[in-house]
Amino acid sequence: MTRAAQDSVLVIGAGVVGLACSHYLADAGFEVTVIDSGEIAGGCSRGNCGHILPSHVLPLNSPGALRTAIASFFDRSSPFRVRLRADLDLLRWLFQFVRHCGPRRVAHAAANLKALLDSSFDEFERLAPAFDCGWSPHGLLYLFAEPRNLDAFARMNERLAGEFGVAAEAVDAAHLEGVDRSLRPDLAGGFFYPRDASLDPQRLGRSWSAALEARGVRFIEYCAFEGLEMDRGRVVAVRTRRDIFRPGHVVLAAGAFSRALSRHFGRALPVEPGKGYAVTTDRPDPCPTTSILLPEKGVAITPFEDGLRIGSMMEFVGFDETIPEGRVAQLRAGAAAFLRSPPPPTRHRWFGWRPMTWDSLPIIGRLPGLENAFAATGHQMLGMMMAPGTGKLLAELVAGQPTHIPADAYAPARFH
């Protein structure tokens, strides 16, 4: 669809979701400018584990998550931790999170997560060969040290297979070495998802943004948003530290910062920062050949061509910028408990704030009451996984075209 150059879009946020929105908006013929207060593909788009998992359909909301959150008030080492503080936004968010932990709402979230994850994976398979991103379609292995936890996951696997058609292959202890020789021989077993994949998020950000710039998408780094000018239900100008923009449409894709920025649009979005950590090391010998999740430790492992990344944790601690030594040690120890060779010394440590919504679904669509303002945010810890599907859906909505998947479940209007 060809559009006039003046029918432009300003994307606020140059993370992977912002890149994906820019890609599909450019495909639709829009003139696209992307601004960010930091670097292109920074924040959570740079330091995460790079997992692309169509199997990851279960939302964070669950009675089990609620019990873990309550226990975390008294256990600073819990992988899922809530630090209570005098913050009305957080208290409202937690109240709604609890309300959304029931089976019916969990099933609703899972069905819509699956739709977006499947869409994104299909797009990644189409797009990845064009990018220097370390695309690795080698599956994902869930590992367990305790037989009772392996049995519990087997029951969940049966549920996922029955309700969503997402099934893993059981791997008993005797056959783990055949799947990946980097694993310790004394583990209980695991489950393997052959369709899952991974990539190097930093390489993807560099390659994708370069390809977009070559197509005419304009990126402006260190360009902090400051405010808006409105006229009769339309955004007519966006003020930044560096310039004033007058786009035809505005897309808010600011990740964990979306709540604060959305207030300028008159529509505060319930996005809470969920802090995660990662460490990167050289490759151990032997090095894992597939991505690994360790539910008992709350740890994820991804082998890259030039290193090994160990990450995860979920902390609701506000915009805390510290990296506690205890968390670094916890990530390393969690991985070491499952690998034949312990991780080499840490060469880089990282933290990021994930944009969390209380119903575990992203926010994609037109902001209520505004004709030309849209949101693409709230992707939890799945932003990398759901970016292409989000960008495709967002571009369809901006262009007023039929959507390739139903869009109502992700609409910002559900909060108002």
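All residue numbers refer to positions in the sequence shown, counting from 1.
Pairs engaging residues 337-346 under the side chain to side chain donor-acceptor pair (under 3.5 Å) rule: Arg332-Thr346 [sequence neighbours left out]. For residues 170-192, the ring pair (Phe, Tyr, Trp, His ring centres under 6.0 Å) pairs, not counting sequence neighbours, are Phe153-Phe191. Pairs of residues two or more places apart, or lying in two chains, that qualify as salt bridge (Lys or Arg N to Asp or Glu O under 4.0 Å) and include a residue from residues 352-361 are Asp359-Arg414.
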Next on the checklist: Set out, in order, the CA-CA distance, both residues' side-chain angles and the distance that settles side chain to side chain donor-acceptor pair (under 3.5 Å) for His138 and Ser198, then state yes or no.
Outcome noted: CA-CA 8 Å; His138 293 153; Ser198 66; over 6 Å; no
Item to check | CA sep, side-chain torsions, deciding dist, call: Arg181, Glu177, salt bridge (charged side-chain N to carboxylate O under 4.0 Å, His left out) | outcome: CA-CA 4 Å; Arg181 69 184 187 90; Glu177 186 175 7; over 6 Å; no
Item to check | Pair Glu296-Phe338, side chain to side chain contact (heavy atoms under 4.5 Å, CB included): steps then yes or no | outcome: CA-CA 11 Å; Glu296 293 161 321; Phe338 286 77; 3.4 Å; yes
Next on the checklist: Show, in sequence, the C-alpha distance, side-chain angles and deciding distance for Tyr222 and Glu39, and conclude whether the side chain to side chain donor-acceptor pair (under 3.5 Å) test is met.
Outcome noted: CA-CA 7 Å; Tyr222 304 105; Glu39 298 178 345; 3.0 Å; yes
Checklist entry - After noting the C-alpha distance and the side-chain angles of Glu226 and Arg242, does the key distance pass the salt bridge (charged side-chain N to carboxylate O under 4.0 Å, His left out) rule? => result CA-CA 10 Å; Glu226 292 187 339; Arg242 295 179 55 176; over 6 Å; no
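Judged as a side-chain hydrogen bond (donor to acceptor under 3.5 Å, both in side chains), and not counting sequence neighbours, the contacts of Arg215 are Asp27. In terms of the side-chain hydrogen bond (donor to acceptor under 3.5 Å, both in side chains) criterion, Arg283 has no residue partners (sequence neighbours excluded). Residues forming a side-chain hydrogen bond (donor to acceptor under 3.5 Å, both in side chains) with Asp180 (at least two apart in sequence, or on another chain): Ser182, Thr289.
One distance of note links CE of Met385 with CG of Leu199; it measures 10.0 Å at 0.5 Å rounding. Here Tyr142 contributes atom OH and Leu293 contributes atom CG; the two are 5.0 Å apart, rounded to the nearest 0.5 Å. Leu339 CG to Ile310 CD1: the interatomic distance, rounded to the nearest 0.5 Å, is 7.0 Å.
A salt bridge is absent between Asp200 and Arg46: the closest approach of a Lys/Arg side-chain nitrogen to an acidic carboxylate oxygen does not fall below 4.0 angstrom. Between Arg81 and Asp320 there is no salt bridge, since no side-chain N of the basic residue sits under 4.0 Å from a carboxylate O of the acidic one. A salt bridge links Arg327 with Glu315: the closest approach of a Lys/Arg side-chain nitrogen to an acidic carboxylate oxygen falls below 4.0 angstrom. Comment: Glu158 does not engage Arg155 in a salt bridge, judged by the lack of any side-chain N to carboxylate O separation of less than 4.0 angstrom.
With hydrogens and angles left out, the side-chain atoms of Thr302 and His51 include a donor and acceptor closer than 3.5 Å. Under the 3.5 Å distance criterion, with hydrogens and angles disregarded, a donor-acceptor pair is assigned to the side chains of Arg309 and Thr280. Defined by atom type and a distance below 3.5 Å, a donor-acceptor pair is present between the side-chain atoms of Tyr24 and Glu123.
Under the 30°/60° scheme for interplanar angles, the aromatic rings of Phe124 and Trp135 are found to lie parallel. Ring geometry, Phe351 versus Trp353: the interplanar angle exceeds 60°, so the pair is classed perpendicular (tilted spans 30 to 60°). Classified by interplanar angle (parallel below 30°, tilted 30° to 60°, perpendicular above 60°), the ring pair His249/Phe30 is perpendicular. Between His23 and Trp208, the ring planes are perpendicular. Angles over 60° get that label, and only those under 30° would be called parallel.
Separation of the His56 and Tyr193 ring centroids does not fall under the 6.0 Å cut-off. A centroid separation of 6.0 Å or more is found between the aromatic rings of Trp358 and Phe95.
The number of heavy-atom neighbours closer than 6.0 Å to CZ of Arg104, taken from other residues, nucleotides and ligands shown, is 12 or below. Around atom CZ of Arg241, no more than 12 heavy atoms belonging to other residues, nucleotides or ligands sit under 6.0 Å away.
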